[in-house]
Amino acid sequence: MNNFPLVPDQASTFAKQVDDIFLALTSLTVFFTVLVFTLILVLAIRYRRGSNVNRANPSDHNVLVEIAWTTPPLILGLIMFVWNVKPYAEAFNPPANAEEIFVIGKRWMWHLQHSANGIRENNELHVPMGRPFKLTIISQDVIHGFYVPDFRMKRDAMPGQYNTVWFQATKPGKHHLFCSEYCGTNHSEMGGWVYVMTPEDYNNWVKSGGTTADKASTPEQAGYDLFTQLACGNCHKDKDSMRAPSLHNLFGRHRSLQNGQTAIADDTYIRKAIRNPEETLLQGYNATMPSYKDSLDEQQIHDLIMYIKSLGNGSAVSLQKATEAATKPAGGANPSAAPASQPVGSATPAVPAVSAGQPAAAPGTAGGSATGTVGGKF
Amino acid sequence: MSVEAAHDAHGHHPVQYHQFEDMEQQNETYIVGMWSFLVTEIMFFGGLFLAYSIFRMNNQAIFTEAGHRYLEVDKGAFNTVVLLTSSLSMAMCVYYAQKADRVKQLLCLGFTLLCSFVFLGVKAMEWSKEFAEHHLPGANFAYVSDAHLSTAKAQIFFCLYFAMTGLHAIHVIVGILLMVVLGVLIAARRPGVKYYMPVEMFGLYWHFVDIVWIFLFPLFYLIPGKR
Amino acid sequence: MSAEAIPPGIVLERESASRPNYLNWSHSVKDWLLTTDHKRIAILYLVSITIMFGLGGIAAMAIRAELTSPHGHLMESDTYNKMFTMHGVVMIFFFLVPSIPATLGNFLLPLMLGARDLAFPRLNLLSWYLFTLGGVIALGAMICGGVDTGWTFYTPYSSIYSNSNVAVTLVGLFIAGFSSIVTGINFIATIHKMRAPGLTWTRLPLFIWAHYATSIIIVLGTPVVAVTLGLVLVERTLHIGIFDPAIGGDPILFQHMFWFYSHPAVYIMILPAMGVINEVLACFCRKRIFGYTFVCGSTLAIAVFGFMVWGHHMFVTGQSLYTGMIFSALSFIVAVPSAIKVFNWTATIYKGEVWFSAPMIYCLGFIGLFTIGGLTGLYCSSLSVDVHINMTYFVVAHFHYVMVGGATLGYLAGLHFWWPKMTGRMYPEGWAKVAAGLAFVGFNLTFFPQFILGYLGMPRRYHYYPAEFQIWHVLSTAGSSVLALGYAIPLVYFLWSLKYGEKAGPNPWGAAGLEWTVASPPTQFNFDELPVVTWEAYNYDVPHENAIVDHSKNVLPDAEGASHSAH
Ligand code: HEA
Ligand code: HEA
Ligand code: CUA
Ligand SMILES: [Cu+2]
């Protein structure tokens with residue numbers, strides 16, 4: 001890093017791609033700017049009033065010329081557009097083996113939790129280089145923006161909606177973490193650092209319990225504790241019952257709702273099911289589930305979601321190979337507090353048969369398209 | 001008006017303004033202006049219609065339930081008929097204005113005015129019922145759902161309901177004020193309204209108000225949803 | 001010089017000392033505040049928006065001063081936030097949106113069309129009152145207590161969390177929005193129906209076309225933002241609403257509705273400036289604008305396509321991949337009509353007879369800076385690059401290049417160009433050139449470093465920032481003081497010229513166009529007889545009355561001499 005940088009560090013797999021496009025755009029800009037400036041100046045000086053030049057037969061229109069200078073910008077523009085799609089789309093599709101990090105933005109701090117080992121951090125994020133990480137981002141209050149310039153990565157933290165993005169760091173070091181979306185008084189101080197470490201350093205860091213000694217539990221464990229404590233299990237048994245559906249293998253499955261819509265059980269869906277159960281009312285069930293909107297904060301809801309996820313992935317049945325191939329390196333850290341998961345068919349007649357064979361990404365929000373269902377295709 | 005007086009050298013029509021060459025130009029200009037204004041009005045409601053469509057798309061059930069269970073179709077339908085009738089009488093008013101038949105013009109205008117009061121009256125009945133049932137969004141909002149649907153979304157429904165019918169009602173009230181002014185001027189034989197243009201312009205406005213309701217009524221009271 | 005040179009059909013109104021003009025036929029305050037004369041209303045607007053520009057500029061200088069140090073000592077974070085909000089709100093809603101249409105447009109539309117006034121003079125006055133009322137309310141709220149939401153008013157911050165005077169400001173903006181709408185309607189009706197005989201659509205000056213397109217955008221877009229801000233107001237005051245996620249509402253819906261207006265709004269700001277450029281360029285090249293039909297068509301294309309790209313402000317909000325792709329592709333397409341304009345302007349200079357007058361210098365500055373600003377807009381519409389630069393100083397630099405380097409320079413070009421017409425006086429040409437040069441240099445020094453800052457990752461709306469960015473911020477602040485000087489000088493010499501400026505004849509630039517056939521300043525009703533137009537726009541092939549024929553030196557004509565030769 002020199003002392004007079006024009007381009008920030010390239011510290012993720014996206015950085016180079018983005019910088020290449022940036023460079024191409026800059027060449028375009030320089031080309032057209034120089035072209036326009038030179039033409040204007042040269043022509044204006046040459047044809048300044050009083051100068052003795054040939055002004056005979058000035059023309060004031062020429063369709064061919066118009067077409068000639070309209071086409072290149074159009075084509076160049078569309079080329080730039082297409083080139084941009086790939087990296088942008090990539091950021092929507094985390095690789096299957098990406099480890100999840102849960103991010104909550106609140107005024108004015110970032111709260112992060114590693115799903116693999118449960119380590120929690122505030123305004124700091126430690127990651128090893130060379131491994132993909134998926135961020136699931138939500139806000140507790142207003143809109144924030146999770147921005148790491150050196151990664152060329154940014155995603156807004158919206159209230160009430162999970163957004164996801166992923167990255168793979170490539171360069172050890174300390175990188176700025178900013179809040180990019182204006183959020184009030186201390187917006188400019190809402191940030192910190194992302195530490196990219198070598199895998200060994202990272203393992204040591206994890207072993208020593210991270211920076212914060214809060215290694216109480218993994219999210220799954222915390223979720224399991226909550227699940228017991230709130231007695232969700234009173235209704236939600238291992239198998240679908242008359243009272244409530246089973247939550248096993250729920251994640252990623254298609255659900256038919258009473259309002260006639262179908263939904264895919266992703267993070268956003270489950271969050272809604274816990275906070276506003278009336279909005280995800282399943283066909284064949286009564287609206288007996290209470291709303292936990294006021295009693296659970298985003299962290300707790302996330303823990304529950306992680307626990308429910310650990311109960312099996314309904315969409316993964318046909319994708320088992322892919323998931324197996326992508327075993328988490330840190331998988332051992334998951335103590336699997338939950339009962340072992342087993343695929344459940346449509347046990348109760350009340351529940352319409354749900355086929356688990358459709359891992360298509362959810363349309364709509366990023367939260368939907370990215371979660372869990374990935375075969376790593378792009 | 002001093003401006004007109006200053007420029008009234010060549011025997012203008014008495015209600016012609018100084019910036020126009022002749023009455024024809026003035027009338028055409030007024031019509032273009034009025035239509036542009038109506039376009040802004042459409043966009044004004046358009047923003048709300050957009051919001052409505054998005055929420056409706058995502059919350060079919062609650063919108064259908066709230067609409068069918070708590071809005072009274074017969075009152076809405078009655079109001080639709082009232083407004084349509086008023087549009088008819090307004091059209092006749094314009095017709096008689098062109099014919100320069102002052103008395104019939106006033107009668108039609110009076111009937112239109114009557115209709116608009118009836119409309120507002122019925123609207124007020126509906127609203128007071130909603131108030132009584134705590135359907136006014138806010139701290140006291142309460143909603144009883146047959147199918148245990150989301151109270152929050154019901155509140156959104158009523159937000160949109162009050163915003164859109166409220167904005168419409170404001171337009172009706174403005175219409176009433178204009179009608180009164182217009183009626184008084186016509187009755188007093190003021191030269192400004194002797195010509196049919198002001199009446200015609202108001203007619204356009206009134207038809208617009210009517211058309212908005214034609215959209216509001218099915219959107220809130222009628223559309224069946226998948227259940 | 002003889003009168004035959006003038007296109008046939010015009011009855012030239014001779015300037016004569018005895019004939020009262022629109023400025024001096026009466027002097028009472030009442031006659032000014034209750035005037036329905038489009039020219040006086042234009043002057044009222046001119047005064048209002050100059051004050052607004054000054055206030056916005058002061059806020060800008062406060063921002064720049066604070067940012068010289070990474071830990072800014074001059075103000076609290078809250079104050080800083082209120083500063084840039086006030087800067088953005090004032091500059092956008094109370095300066096740039098009304099700038100050219102409400103002053104130059106108001107003044108010139110009837111003159112260029114050969115009409116005695118706009119279609120609805122009283123509505124025109126109403127629009128100024130609405131503007132002033134809205135301005136006073138919004139400014140009052142921003143000065144007494146302040147607003148800290150940013151000019152974009154994103155929910156739920158604006159609707160629930162902010163505890164500043166958001167509601168009152170919104171009321172102000174709501175009212176000011178109607179002034180915009182009224183102006184738009186007025187222009188549309190005027191352009192449609194009040195053209196002089198013979199002035200067909202294809203003979204209209206491009207300035208008129210630009211205002212026509214602008215008015216269409218205003219009429220279609222402004223009501224939407226009005227209703228959106230209205231909904232925020234309801235949500236804020238009654239605590240109910242459809243943008244609040246806590247009760248099932250949708251904050252992203254707000255962004256869609258806001259940008260549905262506010263993207264087209266950027267074209268409300270740039271199109272009139274482009275219109276000015278056409279007039280100035282044609283005059284000082286003594287040539288018809290190259291490719292009239294294409295320039296005109298591109299104006300309309302911008303107005304239409306401008307409504308389809310709003311989502312490019314929301315690439316990182318979690319809007320779906322495909323939505324993002326559509327908006328990005330359309331943004332690249334909307335750049336093409338702008339390219340057409342830039343190239344046609346360049347071609348206009350070819351074989352022209354270029355006179356480097358002050359308006360022309362502003363105009364050339366506009367073309368160059370708009371090109372840079374526009375091209376950097378393409379970085380922003382590039383999906384993956386925008387993920388990085390969104391909400392950074394790169395965007396800040398982009399929009400200042402188009403809005404300050406582009407629209408504001410265009411406004412100044414027009415102001416200088418038509419100043420003799422509006423006031424009957426010339427400004428000091430030498431000073432004007434100095435000011436134009438200072439503005440150009442100061443501008444680049446202020447905002448070019450911000451591109452670099454932005455790409456380095458400096459987020460916008462940041463009161464405190466990491467120390468490594470400081471050098472660029474200091475450069476930028478240094479530039480802004482040069483820029484401020486470049487703006488302050490015109491303010492001084494314009495005022496000076498009102499009293500001491502040389503008298504300008506009806507047509508000091510020898511320009512084509514109906515507005516130059518009437519006296520400077522024009523009389524109260526513009527034309528004594530209705531002009532009949534038999535020529536195309538920009539007919540510089542025939543020499544024009546009072547045209548400066550002294551090719552050897554670029555000096556102003558002796559005003560006395562000019563008006564003598566007219567007789
Ligand atoms: C006058 C105002 C104005 C104008 C004219 C423009 C013009 C354009 N703007 Fe800009 N813009 C703003 C004002 C303006 N903008 C503002 C205020 C914001 C920030 C709002 C906020 O968040 O506060 C913004 C933000 C903004 C964004 C969002 C960035 C972000 O927040 O992440 C984007 C994204 O696409 C964008 C794109 C464009 C494009 C493609 C154009 C195009 O119209 C430009 C077209 C012009 C050219 C391209 C130059 C001429 C062409 C040539 C010389 C030929 C060569 C051309 C090609 C090769 C194609 N703008
Ligand atoms: C028309 C629009 C316009 C104009 C002209 C300007 C002009 C300037 N702007 Fe601004 N700017 C915006 C629109 C504009 N801006 C917007 C929309 C934002 C985003 C706000 C947000 O984030 O919400 C912004 C944000 C913005 C920022 C980013 C703040 C942040 O994100 O933290 C900065 C920082 O440098 C800045 C600087 C400047 C400077 C130095 C000028 C200079 O050009 C100003 C120079 C002018 C003067 C110094 C005035 C000259 C003085 C006189 C003429 C005399 C005064 C007379 C009287 C009082 C009668 N602007
Ligand atoms: Cu959080 Cu800005
Ligand atoms: Cu835009």
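Keep in mind that the numbers below use all heavy atoms, side chains included, and drop hydrogens, waters and symmetry copies. Protein chains get the first letters and strands the later ones, always in sequence-line order, with residue 1 at the start of each. Predicted, not measured: the structure shown is a model, and the values here were computed from it.
- Put simply, of G160(A), S59(A), G145(A), S51(A), the one with the most heavy-atom pairs under 4.5 Å next to chain C is S59(A).
- N163(A) places a side-chain N or O within donor-acceptor distance of the main-chain N or O of T317(C), the cut-off being under 3.5 Å.
- Using the six-membered ring where Trp is involved, F22(A) and Y379(C) have ring planes that are perpendicular, over 60° apart on the 30 and 60° scheme.
- For Y462(C), the parts lying near chain A are the backbone and the side chain together; criterion is any non-hydrogen pair under 4.5 Å.
- Ranked by heavy-atom pairs under 4.5 Å with chain C, the list A15(A), A157(A), G184(A) is led by G184(A).
- Contact annotation for T392(C): only side-chain heavy atoms (C-beta onward) come within less than 4.5 Å of a heavy atom of chain A.
- Interface residue V387(C): backbone and side-chain heavy atoms are both found under 4.5 Å from chain A.
- Just one of Y154(C), Y157(C), W151(C) meets the ring pair (Phe, Tyr, Trp, His ring centres under 6.0 Å) condition when paired with Y182(A); it is Y157(C).
- Of the listed residues L78(A), L76(A), I143(A), the one with more heavy-atom pairs under 4.5 angstrom with chain C than any other is I143(A).
- Listed options L39(A), V36(A), V63(A), V30(A) were ranked by heavy-atom pairs under 4.5 angstrom with chain C; first place goes to V36(A).
- Looking only at heavy-atom pairs under 4.5 Å with chain A, the residue among Y464(C), Y292(C), F284(C) that has the most is Y464(C).
- Nearest heavy-atom pair across P73(A) and F343(C) is CG-CE1, 4.0 Å.
- Only the side chain of A339(C) comes within contact range of chain A, judged by heavy atoms closer than 4.5 Å.
- Note: F315(C) leads F315(C), W345(C), Y80(C), Y465(C) in heavy-atom pairs under 4.5 Å with chain A.
- Only the side chain of Q255(C) has a heavy atom closer than 4.5 Å to any heavy atom of chain A.
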